[in-house]
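Below, chains carry the letters A, B, ... as their sequence lines are ordered, and counting in each starts from 1.
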8 protein chains.
Amino acid sequence: MMANKMYKDIGYAKVDTSRQLRKGYLETIYCEGKEPEEILGIFKVFYSNKNNVLLTRVKHFQYEFLKKHFKDIEYNKKARTITMIQNKIEKKGEIAICTAGTSDIGVAEEAFVTAEFFGSNVKKYYDVGIAGIHRLLDKIEEIKKANIIIAIAGMEGALPSVIAGLVDIPVIAVPTSVGYGTSFRGISALMTMLNSCAEGITVVNIDNGFGAGYSANQINRKITGA
Amino acid sequence: MMANKMYKDIGYAKVDTSRQLRKGYLETIYCEGKEPEEILGIFKVFYSNKNNVLLTRVKHFQYEFLKKHFKDIEYNKKARTITMIQNKIEKKGEIAICTAGTSDIGVAEEAFVTAEFFGSNVKKYYDVGIAGIHRLLDKIEEIKKANIIIAIAGMEGALPSVIAGLVDIPVIAVPTSVGYGTSFRGISALMTMLNSCAEGITVVNIDNGFGAGYSANQINRKITGA
Amino acid sequence: MMANKMYKDIGYAKVDTSRQLRKGYLETIYCEGKEPEEILGIFKVFYSNKNNVLLTRVKHFQYEFLKKHFKDIEYNKKARTITMIQNKIEKKGEIAICTAGTSDIGVAEEAFVTAEFFGSNVKKYYDVGIAGIHRLLDKIEEIKKANIIIAIAGMEGALPSVIAGLVDIPVIAVPTSVGYGTSFRGISALMTMLNSCAEGITVVNIDNGFGAGYSANQINRKITGA
Amino acid sequence: MMANKMYKDIGYAKVDTSRQLRKGYLETIYCEGKEPEEILGIFKVFYSNKNNVLLTRVKHFQYEFLKKHFKDIEYNKKARTITMIQNKIEKKGEIAICTAGTSDIGVAEEAFVTAEFFGSNVKKYYDVGIAGIHRLLDKIEEIKKANIIIAIAGMEGALPSVIAGLVDIPVIAVPTSVGYGTSFRGISALMTMLNSCAEGITVVNIDNGFGAGYSANQINRKITGA
Amino acid sequence: MMANKMYKDIGYAKVDTSRQLRKGYLETIYCEGKEPEEILGIFKVFYSNKNNVLLTRVKHFQYEFLKKHFKDIEYNKKARTITMIQNKIEKKGEIAICTAGTSDIGVAEEAFVTAEFFGSNVKKYYDVGIAGIHRLLDKIEEIKKANIIIAIAGMEGALPSVIAGLVDIPVIAVPTSVGYGTSFRGISALMTMLNSCAEGITVVNIDNGFGAGYSANQINRKITGA
Amino acid sequence: MMANKMYKDIGYAKVDTSRQLRKGYLETIYCEGKEPEEILGIFKVFYSNKNNVLLTRVKHFQYEFLKKHFKDIEYNKKARTITMIQNKIEKKGEIAICTAGTSDIGVAEEAFVTAEFFGSNVKKYYDVGIAGIHRLLDKIEEIKKANIIIAIAGMEGALPSVIAGLVDIPVIAVPTSVGYGTSFRGISALMTMLNSCAEGITVVNIDNGFGAGYSANQINRKITGA
Amino acid sequence: MMANKMYKDIGYAKVDTSRQLRKGYLETIYCEGKEPEEILGIFKVFYSNKNNVLLTRVKHFQYEFLKKHFKDIEYNKKARTITMIQNKIEKKGEIAICTAGTSDIGVAEEAFVTAEFFGSNVKKYYDVGIAGIHRLLDKIEEIKKANIIIAIAGMEGALPSVIAGLVDIPVIAVPTSVGYGTSFRGISALMTMLNSCAEGITVVNIDNGFGAGYSANQINRKITGA
Amino acid sequence: MMANKMYKDIGYAKVDTSRQLRKGYLETIYCEGKEPEEILGIFKVFYSNKNNVLLTRVKHFQYEFLKKHFKDIEYNKKARTITMIQNKIEKKGEIAICTAGTSDIGVAEEAFVTAEFFGSNVKKYYDVGIAGIHRLLDKIEEIKKANIIIAIAGMEGALPSVIAGLVDIPVIAVPTSVGYGTSFRGISALMTMLNSCAEGITVVNIDNGFGAGYSANQINRKITGA
């Protein structure tokens, strides 16, 4: 199974260059806790292979360091992502991304960038939380046209339950760390989503916009036969 | 402030006989962890004073023991309550009690018995949870006629949020221990309710139907000028 | 139910302009985690509609940004609120706000600003905690004149229990994150309040002065027939 | 939106008879905490409508009670489910269900019954946990043929991560309450799954075989164009 | 320091026979999780040494087994203790034991038996919780005569705080597992006591009547010069 | 009971001037979360009454502000305390303060300042933790001469258990937030102390040097007949 | 790597028959949550291969069922283990197993049976907890002769720390669920052990006597060159 | 037992100078929460005794302070350690240190420095996590040559389980605080490791590279007969 080395060893990292064959996609770079120099080193391996590259959880100083070496990278400040597109991405199908409030938009943008990067069309429905449910009901017929829904909420996190009660489409729920006191930095929303009495909901980690975007894209592309 | 003794000391309990003056109502008997003989002893103090009596968290064997001594007590099995009415109760105003599911009815019945005992009219709306939100929307105009709403839910506990988003009436939220896994015996629902982004919600302890009924009655009677 | 659009869509927010009809009050702006520009955008929608506006959890830099555009806003530093009054508020009834200590005053002020904004008279009783219970007992007859009491405490959070044991008035308990060690940033006080053996207490989230003020006002105005 | 009543009110339940239109499927009956008589009442509504019925979390005494009234129900003891098939189900596509150990089979069977009930073909791969990873590697090519994978594990719950590292197919992870000590009845496995560094995993509640089966079927059928 | 063996080794236990010299008292036998035969074995070592013996957390079947071999043991069912007095105990000073409610009496009795066993006089004040604070205020002058106070409470556990606010005597607080929901089997009361804003409180483990009785006796006897 | 006002109301605080009568000591000022101006205001009330004053949890900027108004205050940086002595304190008896490590000294100093302020002699035994148990055993005979022991430890917090196993003197255990990972900022040490199998230990809140010093002094002075 | 199938598939289990080659030992059977018939099926695979077999967490009814089919199995009731020895085990080196109390013996016996089964000599030191530290000090020279120490404790779990402070031998710490209240079924002891300030301690799961015995044997045999 | 003083008392610390005799190694200095001057004082005691010294958890300002006094200290920034080697260390045997990702390297380096300091050879295998399991499988034969393995992982922490399933060598697992959301700063990884179904794993505290390096060295040296 392991004929020739399928990764590049650069000391502090073993960059997984066999991924596209095995998983269909390239590895992304998770930047939290990495030195700018380490990020640059991993980035160069992908870059020299003419791959598209996605960096997540990018801090501003990491972006500024990388920018000096690669002018053409694209930085999404809200999403905290960097993308470097060397091969055109063909987008398929449609994913709907809904947020309960304005404060959840950072996580939503990470999901958006990720889903587009891996090849999905995305429509955004921001600030449709249940405190004013008419805003959601007004958009629900449009939302129903997507192949899959990403529903993002902090505080009590009830948005995915309400959406899943109204549609027959898979819902990926993303709890966010928005809130205070007993929101416990997203645990309250996470628990709400795991315990939902509405069917058709699966959940990812708190603030994990990347994971939601990745899984939604994977499902969306399978549905569209990509 | 403490002229004559305002309680009756029966050794294992100091029965608070001054309560009606101070708080407007008589003490109820919380039966959890009390021996049947102890319950009987406290019950007799109230009975001989010609008071109405409410017992909560009554286990069946406690009921059977008490039944032998007092034939006229009324037992609500679902609510786990006993009531002994020696003075007619005049009911005022209206409280709406809503539950998300059928499994929450035990807690709802405890709230119902309590609210009636202390002098409120109650209307019940059971099984109107958000998985099928049309059931709630169908009843919402009727619910709006109440002075106060008790909203009871287990699992993800989103019902109070949705109700509070639709009405301009105080909502008392009651989390129940219905659910499994990460419902954590009601903690998930409790956290949902405390973190609600909808305004006008206050919360009581998990499964605390009594507390909700007591507070709702207190507010309802003040609104009706009782 | 959804005849014409009842909200204004400004991209990152769907401002709920139908709220006054549906809930009786306008939406407030929760500023935590929002960019100053986003707050300004939402603020303008309300402002141009000639509405009164309440902003909560305002950070100082957010206030300074907004101040540049709107001179007439009123900033309460302790409460972390901004209010913009374009229509005179007619205040009704009376709410008593009690705090256990001096450190709880920030939360109390948020409740105070909120309750006044929505139309209630408020009397303040600060630093009447149970370590020196004579301070509370000295004021209790005056407190009893209110329609509803907001009791605010951190650390062990016992103040609401003691008050509720002395009066026949609904008590809304607010745990605060004041304390250290096992106070767990308010969880200890929250649990005390949820488990109170005194009747007539409902609870809101940790440090949620706004929620307490909102609910207290809602109940107070119903009692006064407003 | 609410022209005629779209549910049947039987007092303790409002049976959602509009579900097939709205969600594409009928409601199932969650039996935990319901009286046998209540289950029977809800069951009868579906039965008389000539619907297929799925009951989950069935306790043995509940089964025995229902059996007296309906001979043709099918009971899966491991899965704790009852099914009543009145209309033939046409199964599409393929779902792979993998368990880490033998003790996880109960949850897997609930997922299996659910997925088949709603219209999917299922292949089972039980006891392929990572303590002897060659068992999984031996089956991985076969597993890859499915449209979606349900990966079920208790204790440390690492199976979904390992599978997701090897395939390019969506994985729904189900933590189980199997284990002792710090497994905390499934929380350890849940956290492992939420924090997985492998991409393409979404998670459901602890022991929620039903939820996994439901979501997997929903995705599988969309992929097959059903 | 270890001249001759200062314990007796009976295989499953090393009975500490040097304790009276080192600590001033004999070891007690904690019966939780021990086989009746094991308890008997340890008991016999103390008995044959003509020592007084205290057994705590005694289950009824353990008592019945021991009773067959030693007729003269004294069993306190509420306290779940057994005592065997072979040398008369001279009691000194005075300890006040207060409980918030009737359900806390089991823990109080364990403290009472322990404190008397080790040589203190005890006065009991049961059911003086803060829901009816006049009951406590009525007794407070009498309570003040003790050298030390044991204050026992479940649910919100506020009794020790209120007492410590009224007296200048050390208070040992004992949380009990009485309550439901967020009482978390005593954790809520424990946290209340640890966070008390009243001075002069120290705390022992949940339901640890023995520990409170032991420490209170130790302090009481030092104060009386014993 | 409340003849004349026994406190001074300065708006944001009700300074308890009757405390010396009621509790035997004056109130201290807990500075966490208080504005320097508020601290000054409270300080002045005590100062003008010619009382000794103790301030705890003093931040450096609070100290510097106060220093400008009162030159004669004494600041202990490690303990984060300020004392102002206007009446000579007569010290009695002896308290032993032991710490497990060097990092626990801040908490120990708070206990030391408090115990001296209220009238006890103190001896310090720092860095005698159980990793090198001979350091403790070397001092144990000297420690035994105290009336009461304060044992302070972070990390695993085993020091109080080991001490209590060696002496017949009351031990007040103080967990500290020293440690990392699963020390959970003192919770691990707290739980160790609450669960100690050694007798004669009571516990105070994490990092609560003040509480330990206060209670130890209270007991020490009673033992010396003060 | 996977030439021929290296496991036997019996439907509900894939019995790992390649283990001895890969790991050096055979798989054991963890019986929790398995049907007696399932245990029997797995047992037979090992038996027919002429392997030694170890079963852990055996419930009594499981033992009785298996006993009917295999007379020669050996049942250790305290350890809850069954062993079937078909090939003589040659024991090497020495492991010391210490327990804090008598109630920890069940876990210790599981470690003992496991360590012997896999080929180590074991010496037991039961009931040497720190409440009477002279019992431990009396045995420490003997304990030091082992290659590795297993230290088992519930409640505050301080035994491993004290031992590791006295010896230069690896210590495997096992927390047990012995205790009540804040022992939280072993979590308190676990946290103590993980946070130990003494060096040379590693930890296994709560009550995991098997894991400790397995690892200790693995290390012991490597030290003895086996 | 304590003939002459076996430690040096410098006021804020009792430096354990008898350690080499008792434990075989010198004490290291844990720098968290210590003043630079305190560290210097302890350092000097060891230095003047001509001992090798290891400092852990060194903050940069602590290093800079110490550097002024001792030029020859060696600082490892990633590991946050300082070493001062006055006597040549003879290294024996071999330890393998594996990390799941690049972000875990800081903890790995602390383990590496520690293991070398106390006398072991170390080989590093960084970034071999299970998301790309071929990287681990490629190295596994080489890893197998070590006497003991340290496996370090954050997030879901599954690396030690996978390794232990493939080898017959003791594995010390180190959870790291790498991750976000429900990783809970290492608790998720810790629980994974404690609950591992693979045999031969023991665990140390979160981020405790020192503890892992110390224990691994202790075992490695015993295996090599050192």
**Q.** Region of A:L190 in contact with chain B, defined by heavy-atom distances below 4.5 Å
**A.** neither
Q.
Which one wins on heavy-atom pair count under 4.5 Å against chain B: A:I187, A:V162, A:T192?
A. A:T192
(Q) I need the residue from B:A189, B:S161, B:A158 with the largest number of non-hydrogen atom pairs under 4.5 Å to chain A. (A) B:S161
Q | Nearest-0.5 Å distance that lies between atom CG in A:L194 and atom OG in B:S188 | A | 8.0 Å
Q: Calculate, to the nearest 0.5 Å, the distance between atoms CD1 and CG belonging to B:I130 and A:L166 respectively.
A: 9.0 Å
Might you confirm whether atom [atom1] of [X] has over 12 heavy atoms from other residues, nucleotides or ligands at distances under 6.0 Å?
| X | atom1 | answer |
| --- | --- | --- |
| B:R185 | CZ | no |
| B:K123 | NZ | no |
| B:K67 | NZ | yes |

Q: Heavy-atom distances under 4.5 Å only: say whether B:Y180 touches chain A with side chain, backbone, both or neither.
A: backbone
Q) Step by step, would you call B:S196 with A:M155 a side-chain contact (heavy atoms from CB on, under 4.5 Å)? A) CA-CA 7 Å; B:S196 179; A:M155 289 170 164; over 6 Å; no
Q. Where the side chain of B:N195 meets the backbone of A:T182, is there a donor-acceptor pair that is under 3.5 Å apart?
A. yes
Q) Would you say B:M193 and A:E156 make side-chain contact, with heavy atoms under 4.5 Å? A) no
Q.
One pair to check against side-chain contact (heavy atoms from CB on, under 4.5 Å): B:I133 and A:I133. What are the steps and the verdict?
A. CA-CA 11 Å; B:I133 205 167; A:I133 205 168; 3.7 Å; yes
